[in-house]
Structures are given as structure tokens and as C-alpha cells.
Amino acid sequence: MQNYANNVKEFGERHVIALTVTFVAGVGILALRRWMAGGVCRSKARLDGKTVLITGANTGIGKETALDMARRGARVILACRDMTRARIAADEIRQRSGNGNVVVKRLDLASLQSVRDLAKDVQENEERLDILINNAGIMMCPKWETEDGFEMQFGVNHLGHFLLTNCLLDLLKKSTPSRIVVVSSLAHERGRIQFDDINLDKSYSPEKSYRQSKLANVLFCRELAARLQGTGVTVYSLHPGVIRTELGRHFIPTLAMWKKVIIMPFLLLIKSPWEGAQTTIYCAVDESQANTSGLYYSDCALKKPAPQALDDAAAKKLWDLSTSMVGLA
Ligand SMILES: NC(=O)c1ccc[n+]([C@@H]2O[C@H](COP(=O)([O-])OP(=O)(O)OC[C@H]3O[C@@H](n4cnc5c(N)ncnc54)[C@H](OP(=O)(O)O)[C@@H]3O)[C@@H](O)[C@H]2O)c1
Ligand SMILES: *[C@@H]1O[C@H](CO)[C@@H](O)[C@H](O)[C@H]1NC(C)=O
């Protein structure tokens, strides 16, 4: 026994620096991870008898959000472009939530026709729509075009959702109090709306386009809230955190090997999809936000967005431009 204690002491003395470094690094990573974990939605609100539609719900943050809505008892519509992946996700959500009322509908946000078809289906076949969650998104792809010739990130992240929301407004107004949640990003903070080159034909960069589309999300939320004042439909935009999902699929493969190695340790710090869904869920159901509209959230709390996201003239201008681009009279 005495011997053992001595050995431990000797080991400790010899490796004091290494042990200290390991300990401090361990505590540091745990503390950082806790700090990064962000808010959790603590609302116990039930959604029995209510209907929720979520875009891009077959994976990532959207799937996790859909699971939570199903657990609260809602009828959940997963609006996705890949029916095979959507059905697999729906099966999993039904199983894990014990709620059989989870359905899939086809929606490709890169096609205005597809958006109109889905909206028509929902208007004709759903009795109500209590919560619309504009979650789907594409990040930092090459310069691609949507079916209608719009730059892909602006087309999917903003224009597709702009048209979808407008087409579903009547049903949302019939189901008040109802909510619209727009999943934006911290990336909006470095964004600018290039009104004179909205499709970035003159100078495309994957980052610039993503930031523009996410700024458009916050401005859309603001303008829509103003237009819906007094109707009982409230609107929220948010940053979900930095989350381990498939969002990097177009961007990670383009990185050089050494960059991939450098970002590896940071992957440990990245939040899980469950954590990433918390602010969306908060905006969708939390009782404390029932009467607020047009604001931006992060970590289940209000947050001031970047100054260019508070520009009402730009929000109005973007609304008018979007209206004409998607062909809404
Ligand atoms: N992850 C993060 O760190 C982070 C940070 C800030 C903001 N966000 C935002 O969070 C939202 C969800 O992203 P995520 O991280 O969960 O990414 P994800 O795992 O890549 O999921 C994105 C979803 O959007 C769908 N989608 C993409 N293009 C579509 C289209 N044309 N039509 C219909 N659906 C389409 C995808 O469908 P397929 O599977 O068929 O491609 C998928 O279901 C996005 O709006 C993103 O900008 C994420
Ligand atoms: C929201 O407004 C309604 C009606 O005026 C009121 O009953 C309710 O308490 C308000 N909720 C919050 C969280 O302020």
C-alpha cells in the first residue's frame, strides 16, 4: 500500500506539468462546451389539435424540431424535396414520439411551381396551420441557379420561403394565434442585400451569397411582422447556433486537407442538432413570446441583430423586389 502511494506520488511529481495541462485543457473544453450549449426551451406547451409545417425537416435542425413538435402532440407536416429521405425521417419521428400524425409532402424551394403546388395542397387539404417553420437552407454552394433562374442560396433560403409564406397566410390567419418562424443565421451580420445585383452575377462568392440570403431572412421577418400587426399571426427570426448538421456539405469538401485537420478539434465544440433546435422551438411555442413579433433571437433569448437587419426601408425594398421576382401580384 505504502509502495503504491509512493508510486502515485512519484508519477504525479514527475508528470506534474503534463497532468496540469491535461486537467486545465479538460476543464477548459468542458466549460467552453457548457458555455456554447446555449439556451434550452423549457416551455411545456402542448400542441394537441394544432398543425405545424416545417421545411427541410428530413435532417439536421429541422428533423429535431419536427420531433419536438410531434412530442407535443401536433400534426406535423415535413415539407421536403427528397421523398425517400423524408419518409425515413417521418418513420423515425413517429416511432420516437409515439405520435402517428406525422406526414410528408413534397417541396422543392428551388422551384416556384413546387412551392405553389405544396401551398395549394396544404390550403385544400389542411383544416388549419398554427405554426409555419421556414427552416430549410443551403449554404455556400457554387454559383447554381434555381429552376426559375435565381441564384440558388437567395432563391431557396429567401425567395422560396417568401412565396410559401405568402401563399399560406390565409390559412395561418384562420388559425390564430399562429406563428411563423424563420431560421436565419449569425452570418446575416456580415451580409448586404445587393439590390443592384441580387443574383450576384457580377461578383459571386459562396459566403457573400449565404450572408445576403440570411440577412434577407431577418428583413423578411421584420417586414412581415409589420404587415401582420393586429392579425394574431406573429413572426420570429433566429440564429440556431453553430450546429453539427449536413449544412457544410458543399463547403467542407472544398477545403484543403490542412484546413480540415485544423477545424477537426472545433467539431467537438459544435452543438448537437437537439441543441440547435432549441431556439426554433422557443420561437414556435414559448408562452412568453406570444405577443412579440418581428424580432430576432439566439440561445432562446432576444438578440439585437446587425444594424442592416433593422433597416425598415431596406426591408420594404426587399419585399417589393421579392414580390416581383416570385410573381406575386
Ligand atoms: N448548422 C448550423 O450551424 C447553422 C447555423 C446557422 C444557421 N443555420 C440554418 O439552419 C437551417 C437548417 O440547416 P441545418 O444546419 O439543419 O442543415 P442541413 O442538415 O443541411 O439541413 C438542411 C435542410 O434543408 C433542405 N433543403 C435544402 N435545399 C432545399 C430545397 N431546394 N428545397 C427543399 N428543402 C431544401 C435539405 O434537404 P435535403 O436533405 O434533401 O438536401 C435539408 O432537409 C438552415 O436555414 C441554415 O441556414 C444552420
Ligand atoms: C398576450 O396578450 C394576451 C391578450 O392581450 C394576454 O392575455 C396574455 O397574457 C399576453 N401574454 C404575454 C406573455 O404577455
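Everything numeric here is computed off the predicted structure, so don't read it as measured data. Heavy-atom basis, side chains included; hydrogens, waters and symmetry copies ignored. One-based numbering, in listed order, for ligands and for the atoms of each.
For A79, no heavy-atom contact with ligand 1 is shorter than 4.0 Å. At a heavy-atom cutoff of 4.0 Å, ligand 1 is contacted by no atom of M139, backbone or side chain. Only the side chain of R249 comes within contact range of ligand 1, with a heavy atom under 4.0 Å; no backbone atom does.
Near E287, meaning under 4.0 Å from any of its heavy atoms, are these atoms of ligand 2: 13 (C). Heavy-atom proximity to A110, at under 4.0 Å, picks out these atoms of ligand 1: 31 (N).
Ligand 1 has an N or O atom lying under 3.5 Å from an N or O atom of L109, backbone or side chain. Of the N or O atoms in I61, one or more lie within a sub-3.5 Å distance of an N or O in ligand 1. Note: no N/O pair closer than 3.5 Å links I138 and ligand 1 by distance alone. Residue D82 places no N or O, backbone or side chain, under 3.5 Å from any N or O of ligand 1. At under 3.5 Å, a nitrogen or oxygen of I243, whether backbone or side chain, sits near a nitrogen or oxygen of ligand 1. The shortest N or O to N or O distance between V156 and ligand 1 is not under 3.5 Å. Taking distance alone, with nitrogen or oxygen atoms compared against 3.5 Å, G56 approaches ligand 1 more closely than that limit. For Y210, a nitrogen or oxygen atom sits less than 3.5 Å from a nitrogen or oxygen atom of ligand 1, counting backbone and side chain alike.
Closer than 4.0 Å to atom 14 (O) of ligand 2 lies at least one heavy atom of the protein. By the definition of a contact as any protein heavy atom under 4.0 Å away, atom 2 (O) of ligand 2 is in contact.
By the 4.0 Å N-to-carboxylate-O rule, E189 lies too far from R211 to be salt-bridged with it. Ion pairing between D201 and K143 holds under the 4.0 Å rule for side-chain N and carboxylate O. Salt bridge annotation for K105-D121: present, with a cationic side-chain nitrogen under 4.0 angstrom from a carboxylate oxygen. We find that R94 and D91 are joined by a salt bridge, their nearest charged nitrogen and carboxylate oxygen being less than 4.0 Å apart.
For the residue pair Q289 / T292, a side-chain donor-acceptor distance below 3.5 Å is found, with atom types taken as modelled. Residues K173 and S178 have side chains that never bring a donor and an acceptor to within less than 3.5 angstrom of each other. No hydrogens or angles considered: nothing links the side chains of D197 and S203 as a donor-acceptor pair under 3.5 Å.
Of the candidates I54, T59, T55, L247, it is T59 that places a heavy atom closest to atom 42 (C) of ligand 1. For the residues T84, V183, L186, T280, the heavy atom positioned nearest atom 10 (O) of ligand 1 is part of V183. Distances from atom 27 (C) of ligand 1 to the heavy atoms of A136, S114, A89, G137 show the closest one on G137. One option in G241, S185, A86, G60 has a heavy atom closer to atom 5 (C) of ligand 1 than any other, and that option is G241.
Applying the ring pair (Phe, Tyr, Trp, His ring centres under 6.0 Å) rule to pairs touching residues 93-151 yields W144-H250, sequence neighbours excluded.
The shortest contact between atom 9 (O) of ligand 2 and any protein heavy atom is with N291 ND2, 4.8 Å. Ranking the protein heavy atoms by distance from atom 43 (O) of ligand 1 puts N58 OD1, 2.7 Å first.
Seen from the ring of Y297, K303 does not count as a face-on cation partner, given the 6.0 Å and 45° thresholds. In this structure, R227 is positioned above the aromatic face of W319, its NZ or CZ under 6.0 Å from the six-membered ring centre and within 45° of the axis.
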Practice prompt. Go through S213 and N157 one step at a time and tell me if the side chain to side chain donor-acceptor pair (under 3.5 Å) criterion holds.
Written response: CA-CA 6 Å; S213 75; N157 300 354; 3.0 Å; yes

Practice prompt. Decide yes or no on side chain to side chain donor-acceptor pair (under 3.5 Å) for S298 and Y296, but give the supporting numbers first.
Written response: CA-CA 7 Å; S298 178; Y296 174 77; 5.7 Å; no

